[in-house]
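For this chain, numbers begin at 1 and follow the sequence in order. When reading the values below, keep in mind they use all heavy atoms of this one structure, side chains included, and skip hydrogens, waters and symmetry mates.
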Amino acid sequence: MSTKDDILSRIRSHTGTRYEKPEITLDAITYADKLKQFSDSLEAAGGQVAVWQSDDDINELIRRHFPEAKRIGSNLPGITVATFNPDSLSDPRELNDTDLAIVEGCFGVAENGAVWITQQVKFKALYFIPTALVIIINKDALVNNMHEAYRQLEGTDYKYGFFVSGPSKTADIEQALVLGAHGPMKVLVVLKEG
C-alpha cells in the first residue's frame, strides 16, 4: 500500500458517522430582465456591454469601441479586425504589447456581470495580457445568479475556466484604485443576437 493509501486508510478508520451530501434548496435571486441586470452589474464593475445585431458587422462594432488598438489577437472565425492569430505563436511572451484580444465566452451571470470563459486558445495568457478584452457571448446565454451558473457547469469538461467581471482592478496599496494590475484595463462584453 502506498503512503497516500495508508494515510487515507487511517483517516477513514478514525472517521465517525458518515453523512450523505445534503440536498440544498434555496430561493436564489432571479431577475425579470436578465439582460438589463447583466448590463447594470457589468457596468458597475467597470465593464461595458454592446449588443451585436445579426445584420451588424462585428468588426465595425469592435473598431468603434477600440479605434486606437493596433495589435489585435483572436482565433475566432469572422474576426477580420484581428492582426494575428494567438494560436500561431510559439511562446506566450509573444503576447506582450497586445492591445486587444477578442475571445468567446460561454455564458453570463446577471447577478454580478460575470462571464464564464473556458480556455479556447493555445496560451491562457491571452485573457490577461492585453490592454483590453472583448468577450462575445450569445444574448440568450444569461443566467440569473451564481447558483444557476455552477449548475450549468456540472458535468462539463474543460481544461481551464474562470469567471471575469469587468476590468482587472485592485486597491491593495494605499487604497489607491489601480486598473489593469492583474489583467485587462478594459472589458467589453458583446451580446450576440440569436
For the residue pair I102 and V81, establish whether any side-chain heavy-atom pair is separated by less than 4.5 Å.
-> yes
Any chance CG of D157 has more than 12 other-residue heavy atoms, nucleotides or ligands included, within less than 6.0 Å?
-> no
Look up atom CD in Q53 and atom NZ in K139, then write down how far apart they are to the nearest 0.5 Å.
-> 6.5 Å
Heavy-atom closest pair, residues V49 and E43 | N-OE2, 4.4 Å
Could you state whether V109 and L188 fall into the same hydrophobic cluster, counting links through intermediate Ile, Leu, Val, Met, Phe, Trp or Tyr residues with side-chain heavy atoms under 4.5 angstrom apart?
-> no
Tell me whether V143 is reachable from L35 by hopping between hydrophobic residues (I, L, V, M, F, W, Y) whose side-chain heavy atoms are closer than 4.5 Å.
-> no
Give, for atom CG of D5 and atom CZ of R10, the distance between the pair rounded to the nearest 0.5 Å.
-> 11.5 Å
When rounded to the nearest 0.5 angstrom, what is the spacing between CD in Q119 and NZ in K124?
-> 6.0 Å
Y127 side chain to T118 backbone, donor-acceptor under 3.5 Å | yes
Ring center gap for F163 and Y150 short of 6.0 angstrom = yes
Spatial distance of atom CG (L100) from atom OG1 (T83) [nearest 0.5 Å] = 9.0 Å
What do you reckon, is CG of D97 surrounded by more than 12 foreign heavy atoms closer than 6.0 Å?
-> no
With a cut-off of 6.0 Å (strictly less than), are more than 12 heavy atoms of other residues, nucleotides or ligands near NZ of K192?
-> no
Derivation and outcome, side chain to side chain donor-acceptor pair (under 3.5 Å), residues E94 and S90 = CA-CA 8 Å; E94 294 176 82; S90 58; 3.1 Å; yes
Joint cluster assignment, V121 & V189, ILVMFWY side-chain distance < 4.5 Å | yes
Minimum heavy-atom distance D87-N75, with the two atoms named = OD2-ND2, 2.9 Å
Heavy atoms only: give me the nearest S165-L42 pair and the separation to one decimal.
-> C-CD1, 4.2 Å
Do S41 and Q37 have side-chain atoms, one donor and one acceptor, less than 3.5 Å apart?
-> yes
K34, NZ: over 12 other non-hydrogen atoms inside 6.0 angstrom | yes
Below 4.5 Å, heavy atoms only, C-beta onward: do F38 and L191 meet side chain to side chain?
-> yes
Do you reckon I58 sits in the same ILVMFWY cluster as I135, going by side-chain contacts under 4.5 Å, direct or chained?
-> no
For the residue pair S88 and N85, what are the closest heavy atoms and their distance?
-> OG-O, 2.6 Å
Connected via hydrophobic side-chain network under 4.5 Å: L133 and V190 | no
Which heavy atom in E111 sits nearest to a heavy atom in M146, and how many Å separate them?
-> OE1-N, 2.9 Å
To the nearest 0.5 Å, atom CG of L95 lies from atom CZ of R71 at 6.5 Å
Is any side-chain heavy atom of F66 closer than 4.5 Å to a side-chain heavy atom of I72?
-> no
Do the ring planes of F128 and F162 sit parallel (below 30°), tilted (30 to 60°) or perpendicular (above 60°)?
-> tilted
Among I137, I117, L153, find the one that has a side chain to side chain contact (heavy atoms under 4.5 Å, CB included) with F107.
-> L153
Heavy-atom closest contact (W116 atom, G161 atom, distance) | CH2-C, 3.4 Å
Taking atom CG of D6 and atom CD1 of I11, what is their separation to the nearest 0.5 Å?
-> 10.0 Å
Kindly indicate whether the side chain of I79, heavy atoms from C-beta on, has any atom under 4.5 Å from the side chain of I136.
-> yes
